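Quick caveat: nothing in here was measured; it's all calculated off a predicted structure. Quick note on labels: first sequence line is chain A, next is B, and so on, each numbered from 1.
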2 protein chains.
Amino acid sequence: MTVRALYHYDEIGLLSASERTPAGHRRYTERDLRRLYRVRALRALGLSLEEIAGVLDGAADDPESMRELLTAQLRRLDEHAELIGTLRQRIRGLLRQAGDSSGPDPERLMTTLELMSVFETYFTEEQRERLAERRNALGGEGVEAARREWAGLVEEGLRLVETGVPAEDERARDLVRRWDALAGGFHPGGPDGERTRAAARRMWRDNSAEIGRSLPWPAERMAGLVSYLEQARRSG
Amino acid sequence: MTVRALYHYDEIGLLSASERTPAGHRRYTERDLRRLYRVRALRALGLSLEEIAGVLDGAADDPESMRELLTAQLRRLDEHAELIGTLRQRIRGLLRQAGDSSGPDPERLMTTLELMSVFETYFTEEQRERLAERRNALGGEGVEAARREWAGLVEEGLRLVETGVPAEDERARDLVRRWDALAGGFHPGGPDGERTRAAARRMWRDNSAEIGRSLPWPAERMAGLVSYLEQARRSG
DNA sequence: GCTACGACCTCCCCCGGCGGGAGGTTCAAG
DNA sequence: CTTGAACCTCCCGCCGGGGGAGGTCGTAGC
């Protein structure tokens, strides 16, 4: 406990010495001291000074307020703990990614970071949770199989683009259908799924270069493919 | 993302638009945008802007810095999670105390809070952990038995005080010995135990009224008993 | 009684990570 | 040409105090 904290409590009216010596020095009475003890204990539980003032001044009127405050604080702590848990998971994932290949690859790590940010820009937290649920439901091999299948679709699409097949061609439209079916496995059902699908298309359209950076194909070829597929989708 | 945050990043030199229009409007280039993505992702992991600036500007020189930063952050999050865990335990304990008796008893709750603060004043965090270990080792019934035995000692001591038996009397010194033996079960062994014992005596001496408030005997009688025992201890 | 030296006082600026507003300029659509 | 939105700079505010300047007070030793 520093004297600055006491001055601060005095300033904000949370706890002031009820007496002063003629010279102006603060004299804390027994009652002040007891109030200080309560303040410190409640601070140590993570309550704000404002909340503490409220419960200490209003507790006489409403004996329930204390319990309400504590349960509310418990909820806040629970939420906070959950947040910390997800952050730990994420950081561990990043460290695994950075550490599993023999040489550390800061470029790949940075790209992953960028993609995390792009993801959070286009999907709400709720949507990201739904998507994570779907991904977990598919399991590791399911995701890996989808990735391989998708790689085949990309190769096929790049061939269509670069051999000059128009986007209105039935082959392009069929590719779009298979592409969307594959992506569909990662989206939740119902109107939520439609929303995440739309968000994903926006994300691809606005950031195909950025996303392409994490893929084995050159970013500009991916960008071309994305706009080609978009055109084919509109035409169908 | 608000524009204020971008201005702030500019101000502290973390991220500034590399170009400006003739009118002075910021133009963020593709590279700026990628840097922004990294900043946002690292912020979302709980890193400070200063740390982010450090790792983004120094990562080229030292590819290890990123990993170090992430592991350090992981440690911080672990500590934070542990703190939150203990706070939750405490709050749950307080809520139990407030809720088990039929009517809520805010006075008792307040007294408990005061005692928590007094405890934290006299024992370091490490010492409190040791004491908690000992208490857990004794178990619930062990603590309850000690409490009953101790109540007997208090009654005995109050009789000695109030019948005028001098503190130098053998009966008083014997009481002190049994008192200390009982308390000894709650203290760790070795020099640590000596330190926590000394801290406990200081706490009793300075705050017998405060502590007595939580006991079934009047505070001033407990205060008298404490100073009597102290005198007896010195005389022996 | 005098003189150190510590403890206390008030007043003010500082941290991080922005939010919000005032007051002015610029841009794009109608 | 106007109008409304977007942008700019500059400044004050939050929370829980930390730290220092510059002055006063209290007490212990000589």
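Using a 30° and 60° split on the angle between ring planes, W179(A) and W204(A) fall in the perpendicular class, above 60°.
In this structure, R134(B) does not pair ionically with D192(B), as no charged nitrogen and carboxylate oxygen lie closer than 4.0 Å. A salt bridge is absent between E79(A) and R76(A): the closest approach of a Lys/Arg side-chain nitrogen to an acidic carboxylate oxygen does not fall below 4.0 angstrom. In this structure, E194(A) pairs ionically with R197(A), as a charged nitrogen and a carboxylate oxygen lie closer than 4.0 Å. Using a 4.0 Å cut-off between a side-chain N of Lys or Arg and a carboxylate O of Asp or Glu, R233(B) and E230(B) do not qualify as a salt bridge. Electrostatic pairing of R128(B) and E125(B) does not count as a salt bridge here, judged by no charged N lying under 4.0 Å from a carboxylate O.
The distance from atom CE of M1(B) to atom P of dC7(D) is 13 Å, rounded to the nearest whole Å. Atoms CD (E51(B)) and P (dG16(C)) sit 11 Å apart, rounded to a whole Å. As a whole-Å value, the separation of E11(A) CD from dG17(D) P is 12 Å. The OH-C1' distance, from Y9(B) to dG16(C), rounds to 11 Å in whole Å. As a whole-Å value, the separation of E50(A) CD from dC14(D) C1' is 11 Å. We find that CG of D10(B) is positioned 14 Å from P of dC18(C), with the value rounded to whole Å. Whole-Å rounding puts the H8(B) NE2 to dC8(D) C1' distance at 18 Å.
The side chain of Y7(B) has dC7(D) as its nearest neighbour among dG18(D), dG19(C), dC7(D).
Near-neighbour residues of DNA chain D inside residues 14-49 of chain B, defined by a heavy atom below 4.0 Å, number-ordered: R20(B), G24(B), H25(B), R26(B).
For dG20(C), its base sits under 3.5 Å from the side chain of R4(B) at one donor and acceptor pair at least.
The side chain of T2(A) contributes no N or O atom lying less than 4.0 Å from OP1 or OP2 of dG17(D).
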